[in-house]
Amino acid sequence: MIIEMTPDLSRVRVRFAPSPTGFLHIGGVRTALFNWLFARHHGGQFILRVDDTDQARNVVSALQPILDGFKWLGIDWDEGPECDGPHAPYFQSKRSDLYQKAVDTLLANGSAYKDYSRPEEFAAERQAAEKEKRQFIYSRTWMAETPEAEAKFEAEGRDHVIRLKMPREGSCNFHDLIRGDMSFNWAEEQDHVVQRKDGSSLYHLTSVVDDGEMEISHVIRAIEHLANTPRQIFIAQSLGLELPQYAHLPFVAEPGSSNKLSKRKLDKYLKNHDFKRLYDHGARIAEKIGLDAAPETFNPVIVDFFREIGFLPESIVNYLLLLGWSLDDKTEEFNRAEMIQSFSLNRVNKAPASFDPQKLTAFQERYMWRLELEDRVALVLPFLLKAGLIAPEPDSNVLSFVKALVDAAGERLSFAGDILDYEEFFRADDAIEFEEKALRKRLVKADAQRELLKKLAQSLPELEDFSAASVESYIRTFVEAEGVGMGMIVHALRVALTGKAVGFGLFEILSLLGKESCLVRISRAIEIAEASKE
RNA sequence: GGCGCGUUCGUCUAGUGGUCUAGGACGCUGGCCUCUCACGCCGGUAACAGGGGUUCGACUCCCCUACGCGCUACCA
């Protein structure tokens with residue numbers, strides 16, 4: 001059988017069919033993104049179809065996070081949940097009449113049959129074949145193609161399923177847009193079940209029927225479906241449907257391995273250094289905003305994880321774009337318009353691409369750091385609020401303080417949630433906690449520095465202009481007059497003001513806190529240091 | 001087991017028979033800058049899975065092996 005396909009890019013319709021599992025997986029997003037880009041590039045439609053055939057449970061609540069994830073990422077759909085469209089409903093659980101009609105057609109034209117074998121009988125045949133190391137081909141002993149045969153089997157108390165009556169000779173040839181010409185022998189295919197004995201339909205059938213009914217032009221999906229394609233082509237042709245073009249994407253692999261990425265192996269991934277680093281970083285933020293960091297819901301293979309800790313959707317999308325696709329040997333950054341413009345299936349790679357948390361983070365930093373100050377402030381505010389560091393409707397004083405803080409933080413903020421590493425700027429002056437080590441090294445065991453601090457605290461009140469620049473020149477003059485280097489005061493002062501050994505530029509810290517706070521913090525730090533000396 | 005897909009630096013990749021002593025990015029690393037931490041700047045490290053062909057010539061084409069992944073479900 002030769003299947004001719006005529007590429008028609010004038011009416012591109014592609015789809016992504018998420019299962020309502022509650023989580024939007026990074027690999028799924030990559031597949032959806034490629035579909036979306038393909039549609040947008042060709043001015044076609046991107047359709048979301050909910051694959052809820054096998055779970056009757058709460059679909060709505062399990063679907064919402066997935067839809068929210070797509071919206072957040074800027075992957076919008078032309079037809080599907082919430083917006084519907086000419087091929088509604090877009091929930092497979094509500095399309096069973098279509099599937100039943102398809103089964104009737106298949107039965108009527110002899111492409112499928114009622115099979116009355118008992119599961120153990122069928123299994124016995126298969127096992128026998130395996131034992132003899134030969135290709136299993138069902139004997140079709142319990143196939144019923146006439147009312148008489150049906151009556152006979154039913155009289156024996158048998159149930160039936162619907163099986164495809166697959167060709168047993170020749171080959172299925174088709175062209176894959178990514179892999180080239182494919183050829184599979186029909187004889188390797190089984191008489192797959194398309195409808196269970198309870199009348200519910202199986203994936204291959206529903207998928208093909210929906211693709212046909214929704215006029216899908218290109219099926220762009222993960223490589224694991226490549227071997228499923230012949231049976232789907234058989235179904236489509238038996239139903240008289242026009243075949244879509246196929247494109248099978250490489251899978252997304254685990255960090256540092258060639259195994260397929262899975263959402264159920266967090267424990268294993270946490271053994272990967274880079275992955276663990278990202279997770280720990282995220283967990284630190286989650287803790288500060290009171291978020292449950294349970295691995296099932298909070299995990300760097302799930303899109304929500306990134307949203308919760310303050311990633312930019314742009315960086316995720318840009319990173320994912322490059323996971324299996326490239327434009328050339330140098331271009332790495334693409335905004336929406338550029339990726340839509342540049343995307344083509346021709347440049348999709350064949351080999352699996354492994355998920356690299358470090359490179360994703362690098363993209364995030366690039367995008368984050370080039371944002372305007374106001375935009376970074378806007379990103380950071382929700383985190384401060386969630387952590388209880390600011391009030392729900394901050395006044396202009398608070399806002400300008402946050403702005404100054406974000407400015408001082410500069411490129412120390414990789415994720416918006418990183419702002420919570422600087423909570424000492426929101427604490428009361430007498431509630432600063434000191435890092436044990438820093439306190440000891442810079443204040444307790446540093447008598448000269450402590451004395452210097454005392455001196456500074458005595459003269460500091462005279463300084464009127466408390467801008468960073470002014471503070472800097474004041475302190476530089478101060479140490480010069482004392483005949484010591486900057487190193488004598490910088491570290492002690494930073495620890496006294498923030499409790500930490502590392503942080504922003506010292507003069508920014510002074511300026512941010514303001515003169516009063518600085519003086520209070522210095523004297524408190526000195527007291528604590530001297531007390532712990534005894 | 002059978003069938004199919006895949007294999008370039010640690011990772012993402014460029015490369016479609018000579019331009020490859022294999023290019024870029026992330027990472028790692030040496031140095032500079034510097035009040036710490038970052039940032040930034042300059043430099044470095046590192047790959048064609050292995051073996052056979054084909055060819056004047058192979059990362060590029062063919063075959064085999066190895067490894068990885070998938071299909072072989074009344075899962076999707």
Side-chain angles (χ1 to χ4, degrees), chain A residues 17 19 21 51 53-55 115 117 119 122-123 126 129-136 159-163 176 178-180 182-185 187-190 192-198 200-204 206-207 222-231 248 250-251 253 255-260 273-274 319 322-333 347 349-363 365-366 369 409-414 421 438 442 472 475-476 479 485-495 498 500-507 509:
Chain A
S19 291
T21 55
D51 180 355
T53 45
D54 68 334
Q55 42 235 341
D115 178 46
S117 66
F122 191 86
R126 179 169 28 224
E130 276 168 18
K131 209 167 179 178
E132 295 164 36
K133 291 192 196 288
R134 63 176 161 80
Q135 169 72 37
F136 167 57
D159 293 318
H160 72 272
V161 296
I162 308 298
R163 282 187 190 276
D176 185 285
I178 293 169
R179 289 164 209 270
M182 294 289 122
S183 179
F184 291 83
N185 289 324
E188 311 286 347
E189 285 285 328
Q190 299 301 319
H192 302 283
V193 174
V194 291
Q195 193 176 71
R196 300 183 181 94
K197 68 180 177 194
D198 68 1
S200 61
S201 300
L202 268 353
Y203 169 75
H204 296 300
T206 61
S207 173
I223 184 72
E224 56 257 40
H225 290 290
L226 181 61
N228 294 332
T229 306
R231 78 195 65 150
H248 288 97
F251 64 85
S257 134
S258 59
N259 289 21
K260 197 180 155 212
H273 176 260
D274 299 336
Y319 172 72
L322 264 15
L323 215 49
W325 180 87
S326 67
L327 176 64
D328 54 29
D329 60 341
K330 345 201 112 70
T331 319
E332 283 214 314
E333 287 180 26
R347 295 205 56 90
N349 248 330
K350 293 189 175 84
S354 86
F355 176 70
D356 180 356
Q358 292 205 80
K359 186 132 188 180
L360 207 206
T361 301
F363 270 102
E365 289 172 339
R366 282 189 217 177
W369 295 343
E411 294 177 333
R412 273 163 278 242
L413 300 182
S414 293
D421 282 341
R442 298 301 186 187
E472 174 163 8
I475 291 183
R476 284 193 191 280
V479 290
M486 282 293 289
M488 282 297 286
I489 193 133
V490 164
H491 306 291
L493 189 47
R494 177 178 288 105
V495 173
T498 67
K500 296 174 181 172
V502 302
F504 304 161
L506 182 65
F507 314 116
I509 294 175

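Letters A, B, ... mirror the listed sequences (proteins, then strands); counts begin at 1. Computed from a predicted structure; not experimentally measured.
Ring-centre distance between A:His225 and A:Tyr203: below the 6.0 Å cut-off. Taking the six-membered ring for Trp and the full ring otherwise, the centers of A:Phe355 and A:Phe251 sit at least 6.0 Å from each other.
Within 4.0 Å of A:Gly485, counting heavy atoms only, lies no atom of the nucleic acid at all. Nucleic acid contact for A:Asn349: sugar-phosphate only, since backbone atoms but no base atoms lie under 4.0 Å from a heavy atom of the residue. Within the 4.0 angstrom heavy-atom criterion, base atoms lie near A:Phe504. Counting any heavy atom pair closer than 4.0 Å across all strands shown, A:Phe251 reaches sugar-phosphate atoms only and no base atom. A:Pro250 comes within contact range of no nucleotide atom at all, as no heavy-atom separation falls under 4.0 Å. No contact: A:Gly487 has no heavy atom under 4.0 Å from any strand. Residue contacts for A:His225: at a heavy-atom cut-off of 4.0 Å it reaches a base atom on one of the strands shown. Using a 4.0 Å heavy-atom cutoff across all strands shown, A:Lys197 reaches at least one base atom of the nucleic acid. Here A:Val193 lies in heavy-atom contact (under 4.0 Å) with sugar-phosphate atoms only.
For A:Asn228, taking side-chain heavy atoms from C-beta onward, the closest of the listed nucleotides B:rC71, B:rA25, B:rU7 is B:rC71. Of the candidate nucleotides B:rC12, B:rG70, B:rG23, B:rG23 has the atom nearest to the side chain of A:Lys330. In this structure, of B:rU36, B:rU7, B:rA14, it is B:rA14 that holds the atom nearest to the side chain of A:Arg347. Of all nucleotides listed (B:rG70, B:rC5, B:rC37), B:rC5 comes nearest to the side chain of A:Arg179. For A:Ala362, whose side chain is taken as the heavy atoms from C-beta onward, the closest listed nucleotide among B:rG70, B:rC26, B:rC35 is B:rC26. Of the candidates B:rG68, B:rG6, B:rC35, the closest approach to any side-chain atom of A:Asn259 belongs to B:rG68. Comparing B:rC74, B:rU72, B:rG2 by their nearest atom to the side chain of A:Gln135 picks out B:rG2. With distances taken from any side-chain atom of A:Ser326 to the nucleotides B:rU13, B:rU11, B:rU72, the minimum falls on B:rU13. Listed candidates were B:rC71, B:rG24, B:rA14. Nearest to the side chain of A:Asp329 is B:rA14. In this structure, the nucleotide among B:rG4, B:rU13, B:rC26 sitting nearest to the side chain of A:Arg366 is B:rC26.
Closest-nucleotide positions on RNA chain B for A:Gln358 and A:Ile223 were compared, and the one nearer the 5' end corresponds to A:Ile223. With the nearest nucleotide of RNA chain B identified for both A:Met486 and A:His192, A:Met486 has the one nearer the 5' end.
We find that CG of A:Asp421 is positioned 16 Å from P of B:rC37, with the value rounded to whole Å. Going from atom CZ of A:Phe507 over to atom P of B:rC37 covers 15 Å, rounded to whole Å. One interatomic measurement links the two molecules: CD of A:Glu365 to C1' of B:rA38, which rounds to 10 Å at whole-angstrom precision.
Nucleotides B:rU34 and B:rG18 have their P atoms positioned 49 Å apart, rounded to a whole Å. To the nearest whole angstrom, the two C1' atoms, one in B:rG24 and one in B:rG68, are 27 Å apart. Nucleotides B:rC63 and B:rC9 are separated by 23 Å at their P atoms, to the nearest Å. Here, B:rU13 and B:rC74 have their C1' atoms 43 Å apart, quoted to the whole Å. B:rA49 and B:rG10 have their P atoms separated by 12 Å, with the value rounded to a whole Å. The gap from the P atom of B:rU55 to that of B:rC3 amounts to 30 Å, rounded to the nearest Å. With both ends at atom P, the span from B:rU7 to B:rU16 equals 16 Å, rounded to whole Å. Look at the P atom in both B:rU45 and B:rC5: the space between them is 39 Å, to the nearest Å.
For residues 323-332 of chain A, the pairs satisfying salt bridge (Lys or Arg N to Asp or Glu O under 4.0 Å) are A:Glu332-A:Lys359, A:Glu332-A:Arg366, with sequence neighbours left out.
Without hydrogens or angle criteria, A:Arg179 side chain to A:His248 main chain gives a donor-acceptor distance under 3.5 Å.
Nearest heavy atoms, A:Pro357 versus A:Asp274: CB-O, 3.9 Å. Summarising the geometry of A:Ser201 relative to A:Thr206, their closest heavy-atom pair is CB-CG2, 3.7 Å, with the distance given to 0.1 Å.
Both the sub-6.0 Å distance and the 45° axial angle are not jointly satisfied by A:Arg231 relative to the ring of A:Phe184.
A donor N or O paired with an acceptor N or O is found under 3.5 Å between the base of B:rC37 and the side-chain atoms of A:Arg412. A:Arg494 contributes a side-chain N or O that forms a donor-acceptor pair with the base of B:rC35 under 3.5 Å.
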